[in-house]
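Here is the naming used below: chain letters follow the sequence lines, and residue numbers restart at 1 for every chain. From a predicted model like this one, the values you see are computed outputs, not experimental measurements.
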Amino acid sequence: VFALADVIARYWFQQGFDVLHPVGWDSFGLPAENAAIQRNEHPADWTYRNIETQAESFRRYAISFDWSRRLHTADPKYYRWTQWLFLKLYAAGLAYRKASAVNWCPNDQTVLANEQVVGGHCERCGAEVTKRNLTQWYFKVTDFVQRLLDDMDALQGNWPQRVLTMQRNWIGRSDGAHVDFVIEGTGDGAVAGRTVTVFTTRPDTLFGATFFVIAADAPLAAQVCHPDFRTQFERYVHDVQRTTEIERLTEGREKSGVFLGVYATNPVTGEQIPVYAADYVLADYGTGAIMAVPGEDQRDWDFATTFGLPIVRTVKPPDGFEGEAYSGDGPAINSSNDEVSLDGLVIPDAKKAMIAHLEKVHRGSGTVNYRLRDWLVSRQRFWGPPIPIIHCPGCGEVPVPEDQLPVVLPHLTGDELTPKGESPLSAATDWVNVECPSCGGAGRRDSDTMDTFVDSSWYFLRYPTPNDSTQAFDVEAVRRWGPVDQYVGGVEHAILHLLYARFVTKALHDMGYLDFVEPFTALINQGEVRNQGKGMSKSLGNGVDLGEQIETFGVDAVRLTMVFAGPPEDDIDWADMSPAGSLKFLQRAWRLSGDVTSPVGVEVSAGDGSLRRVTHRTIRDATQLIESHRFNVMVARLMELVNATRKAIDADGGPGPGDPAVREAAETVAIGLSLVAPYTAEEMWERLGHSPTVAKAGWPQADPALLVEDSVTCIVQVQGKVRAKLTVSPDVAEPDLQAMALADPNVRRAIGDKTVRSVIVKAPRVVNVVVG
RNA sequence: GCCAGAGUGGUGGAAUGGCAGACACGUCGGCUUUAGGAGCCGAUGCCCUAUGGGGCGUGAGGGUUCGAGUCCCUUCUCUGGUACCA
């Protein structure tokens, strides 16, 4: 519902602000590439064709974009600077390559960032994601993890709570401890005294650690495995690799694992506990190994019961609690020896005591662990900015010198783009083989492209100077315009784009380019337009044909319908809406402009007081409603003003069409509508005798003198039930009001013969009589 | 499972702790019209009624308060996010 951002932009423009309301297309990415393969053409053809269509649609909707700042992230003159950003991050040590097990989409034939895997499926195509060991490029988001968390405090109240919560959960801070276990070889001594650290949020349960588990796919598991158990272990790992993520996460699935033939020494009890490899422990979280405390962790409990391992409770559960792990609070039990004593302590105290002990004996320490991983940015696909790095046998990774940017994509079309598991760019030999900028020897370009989210992680910095060919963005211009005062976008960006943009902003801030640390001061999530429950794409393509709706009812009515439908963040179902009703209202409003008979600039102070009060109250309310983004209610207020003006014109003995108050009201309606229904507003403005444009008319100011009410309704309650309504002066004295209330016949009847115990008087709005 | 958010007429939705249902859609009635439509006027939460009014009503159950859709606790349902994260 992009009309919402337009309403906000038009409002601040009416208020006299310099408003930058830009438009751009995040135009790299898989959809274009897949379409190009299918149609045997170049992705750019498909992309720019679609952009034109959508630009036409935006124009048709009269969105007040500044078209002179239009940009496309797939233009070389834009992605040149995306590559510049990459090099800046590289120089700062924030872009690096590493080998790791990564998410792989077998359908799109590319790696994916963690954020792009939704419930084990590819965010783009829905295919089941598998794992691959690959060397890939990463951005070091984890360097900023605590700041990403802390700086959210400043966004509180200006961003939707939902988005902040999603980011907090995604970052996933856990406070706990690192604990060092020593793994001893048995038999012929496979491993001698190797220290293995685990992360736990429950160091207080260390006395109950009865076994030890290493992620089956972590290198550590193979390293510590006893030779006599290697065959079983390898068979198990093989089985694990065959099961997909989806199977692995199936609820109620029995725990599986294999004993590695070695034992770990519990650093506090000195006990030797068996070491297992299992797939319920994740290689890439914490240290990839855990101490298992079946008494307090249900997963460990399940494993222990499956494998017949001992279970010790270290927290006293409530009476009658049995048969499962207890994760609630309670006094610690079975947790004392000569060195440390936790028994009787509640969990928070027991944690502190255990951490203090571990630190004292140098077998562990308090620590914080995060779920957030570094951002995997390389992709094995064509339609993105090439990574500006040259690999040289002698010099290693060599950044492309800035003056050689952009590294422009080679011209590949159709079949040449078919995914083969490595980037199509690597087959473009003329393009790939280059001189090393450092030694002049034979080098190869990095053939991967960047994730499209890199393009969109900095674009807002480009809008102040979209055509600058000398720099990515202008520090002074960004200082003037940035950060973005009001961002409008769908909630689907909560942990993707919004997190990446926050990271890039902080990184550029630390490099001295920006004087702010958060890119978007305020955020509103607009809802989607649906039809009978079915989603509609961003391009408004399927579901209801809004093009047809525009043909029938006009752009203004369609815009008004979206705005009036409900709160902006709610999805709207077009089937529940009445564009015909919107049109009817616009016609009603428009008709007012033809009925006004007083001249332009007529002195309004002599106009009908009652209508003027309605007008000025509407101005006050509408102003406040827009600024709090309650556009649907703002429209309702305009409707009330139209109804009141209609009555003033038509009513026998009323002010009539010549009253200056009628002109004032009609002009107010026109300006109010200019935010939502610009065409109608413009016509009204002209019919009212003004020259264009109503968009520059300026937002009206409410006259405080006209906001004072000359009488108010006081409700009189008996035992909390409304029994009478009194019309009183706003500054009525409380004793007088009480007397009036008690004198009212309905109130007296409700009191009957009961005794009045007390009377609460809140002048001038309410009187409540308490009887007993 | 865990974390958010939400449950209000036939529908979309309003309501700084103080008149529940603003504003619309829909429906019904009236005026106008050859007719249909449009326009305008009126009615419209449910139930009772002597037409003065009265009873009930914001998913359910408790509580705080003179007063609760709104605050607190419990519970149910729905939506979104997340999920062997130790």
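A donor-acceptor contact closer than 3.5 angstrom links the side chains of A:Thr561 and A:Ser582. A side-chain donor-acceptor contact under 3.5 Å links A:Gln549 and A:Trp574. The closest side-chain donor-acceptor pair between A:Ser327 and A:Gln298, if any, does not fall under 3.5 angstrom. Residues A:Asn643 and A:Arg588 have side chains that bring a donor and an acceptor to within less than 3.5 angstrom of each other. Between the side chains of A:Asp374 and A:Thr142, at least one donor N or O sits under 3.5 Å from an acceptor N or O.
The pair A:Asp650-A:Arg646 meets the salt-bridge criterion, with a side-chain N (NZ, NE, NH1 or NH2) lying under 4.0 Å from an Asp/Glu carboxylate O.
Of the residues in residues 729-755 of chain A, those with a non-hydrogen atom less than 4.0 angstrom from any atom of RNA chain B are A:Arg749.
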Test side chain to side chain contact (heavy atoms under 4.5 Å, CB included) on A:Tyr280 and A:Asp302 and set out the steps.
CA-CA 11 Å; A:Tyr280 83 94; A:Asp302 293 342; over 6 Å; no
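Taking the six-membered ring where tryptophan is involved, the planes of A:Phe303 and A:Phe211 are essentially parallel, since the angle between them stays under 30° and well short of 60°. Classification of the A:His497-A:His493 ring pair by plane angle, with boundaries at 30° and 60°, yields perpendicular.
The two residues A:Asp217 and A:Ala283 have their closest heavy-atom pair at OD1-CB, 3.5 Å.
Panel note: side chain A:Arg363, backbone A:Asp180; no donor-acceptor pair is recorded below 3.5 Å. When atom types are taken as modelled, the side chain of A:Asn266 and the backbone of A:Leu206 share a donor-acceptor pair closer than 3.5 angstrom.
Judged by Watson-Crick or G-U wobble contacts below 3.5 Å, the nucleotide B:A35 has no partner. Of the nucleotides present, B:G55 is the one that pairs with B:C46 by Watson-Crick or G-U wobble criteria, both distances under 3.5 Å. As the counterpart of B:C23, B:G12 is assigned, both hydrogen-bonding distances of the Watson-Crick or G-U wobble pattern falling under 3.5 Å. Searching all strands for a Watson-Crick or G-U wobble partner of B:C2 with both distances below 3.5 Å returns B:G81. Of all nucleotides present, none satisfies the Watson-Crick or G-U wobble test against B:U64 with each distance under 3.5 Å. For B:G69, there is no paired base (Watson-Crick or G-U wobble, both distances below 3.5 Å). Across all strands shown, B:G30 is found opposite B:C40 as a Watson-Crick or G-U wobble partner, with both distances under 3.5 Å.
The aromatic ring centroids of A:Phe564 and A:Phe585 lie 6.0 Å or more from each other.
Shown here, B:G9 is classed syn by the O4'-C1'-N9-C4 or O4'-C1'-N1-C2 angle, which is within 90° of 0. Because its glycosidic torsion is within 90° of 0, B:G52 is reported here as syn.
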Indicate for each nucleotide in nucleotides 42-47 of chain B, in 5' to 3' sequence, whether protein heavy atoms under 4.0 Å reach the base (B), only the sugar-phosphate (S), or nothing (-).
------
Under a 4.0 Å heavy-atom criterion, the protein footprint on nucleotides 66-75 of chain B, written with B, S and -, is BS--------
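Summarising the geometry, the separation between CD1 on A:Ile649 and P on B:G39 is reported as 17 Å, rounded to the nearest angstrom. Between A:Asn114 atom CG and B:G81 atom P there is a gap of 17 Å when expressed in whole angstrom units. Atom CG of A:Asn169 and atom P of B:G1 are 17 Å apart (whole Å). Counting to the nearest Å, the C1' atom of B:U16 and the CD atom of A:Gln624 are 10 Å from each other. Protein atom OH of A:Tyr276 is 18 Å distant from nucleotide atom C1' of B:A86, rounded to whole Å. Separating the CG atom of A:Leu625 from the C1' atom of B:C23 is a distance of 12 Å, rounded to the nearest angstrom. B:G1 atom P lies 12 Å from atom CD of A:Glu324, rounded to whole Å. Taking atom CG of A:Leu498 as the reference point, atom P of B:G81 lies 15 Å away to the nearest angstrom.
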Identify each atom pair where a protein N or O and an N or O of nucleotides 11-14 of chain B are less than 3.5 Å apart, giving names and distance.
{"unit_1": "B:G12", "atom_1": "O2'", "unit_2": "A:Ala565", "atom_2": "O", "d": "2.7"}
{"unit_1": "B:G13", "atom_1": "O3'", "unit_2": "A:Asn632", "atom_2": "ND2", "d": "3.3"}
{"unit_1": "B:A14", "atom_1": "OP1", "unit_2": "A:Asn632", "atom_2": "ND2", "d": "3.2"}

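Partners of A:Asp300 under the salt bridge (charged side-chain N to carboxylate O under 4.0 Å, His left out) rule, at least two apart in sequence or in another chain, do not exist in this structure.
Applying the salt bridge (charged side-chain N to carboxylate O under 4.0 Å, His left out) test to every pair with at least one member in residues 713-734 of chain A, sequence neighbours left out, gives no pairs at all.
Straight-line distance between the C1' atoms of B:G63 and B:A14: roughly 28 Å, to the nearest whole Å. Spacing of C1' atoms, B:U44 relative to B:G21, comes out at 12 Å, to the nearest Å. For B:G37 and B:C48, the C1' atoms lie 40 Å apart once the distance is rounded to whole Å. Comparing B:A6 with B:U75, their C1' atoms sit 16 Å apart, to the nearest whole Å.
In this structure, A:Lys721 does not reach the B:G53 phosphate: none of its side-chain N or O atoms is under 4.0 Å from OP1 or OP2. A close approach under 4.0 Å does not occur between any side-chain nitrogen or oxygen of A:Asn525 and OP1 or OP2 of B:G80. Residue A:Arg588 has a polar side-chain atom (N or O) positioned under 4.0 Å from OP1 or OP2 of B:C40. Contact annotation: A:Arg162 does not reach the phosphate of B:A6 (side-chain N/O to OP1 or OP2, under 4.0 Å). The phosphate of B:C41 has neither OP1 nor OP2 within less than 4.0 Å of any side-chain N or O from A:Arg646. Distances shown here put a side-chain N or O of A:Tyr285 below 4.0 Å from the OP1 or OP2 atom of B:A86.
Looking at heavy-atom distances under 4.0 Å, A:Arg723 makes contact with sugar-phosphate atoms alone, never a base. Nucleic acid contact class of A:Asp284 (heavy atoms, under 4.0 Å, all strands): none. Heavy atoms of A:Arg173 sit nowhere under 4.0 angstrom from any nucleic acid atom. Among the heavy atoms of the strands, none lies under 4.0 Å from A:Leu638.
In terms of position along RNA chain B, the nucleotide closest to A:Val767 lies nearer the 5' end than the nucleotide closest to the other residue of the pair A:Asn369 and A:Val767. Residue A:Thr713 is the one, among A:Gly288 and A:Thr713, whose nearest nucleotide of RNA chain B lies closer to the 5' end (criterion: closest heavy atom).
Listed nucleotides B:G39, B:A86, B:A4 differ in distance to A:Thr165; the shortest reach to its side chain belongs to B:A4. Distances from the side chain of A:Trp170 to the nucleotides B:C84, B:A86, B:A83 place B:A83 closest. Of the candidate nucleotides B:C40, B:G18, B:A24, B:A24 has the atom nearest to the side chain of A:Asn643.
The distance from the CG atom of A:Leu4 to the CG atom of A:Leu675 is 12.0 Å, given to the nearest 0.5 Å.
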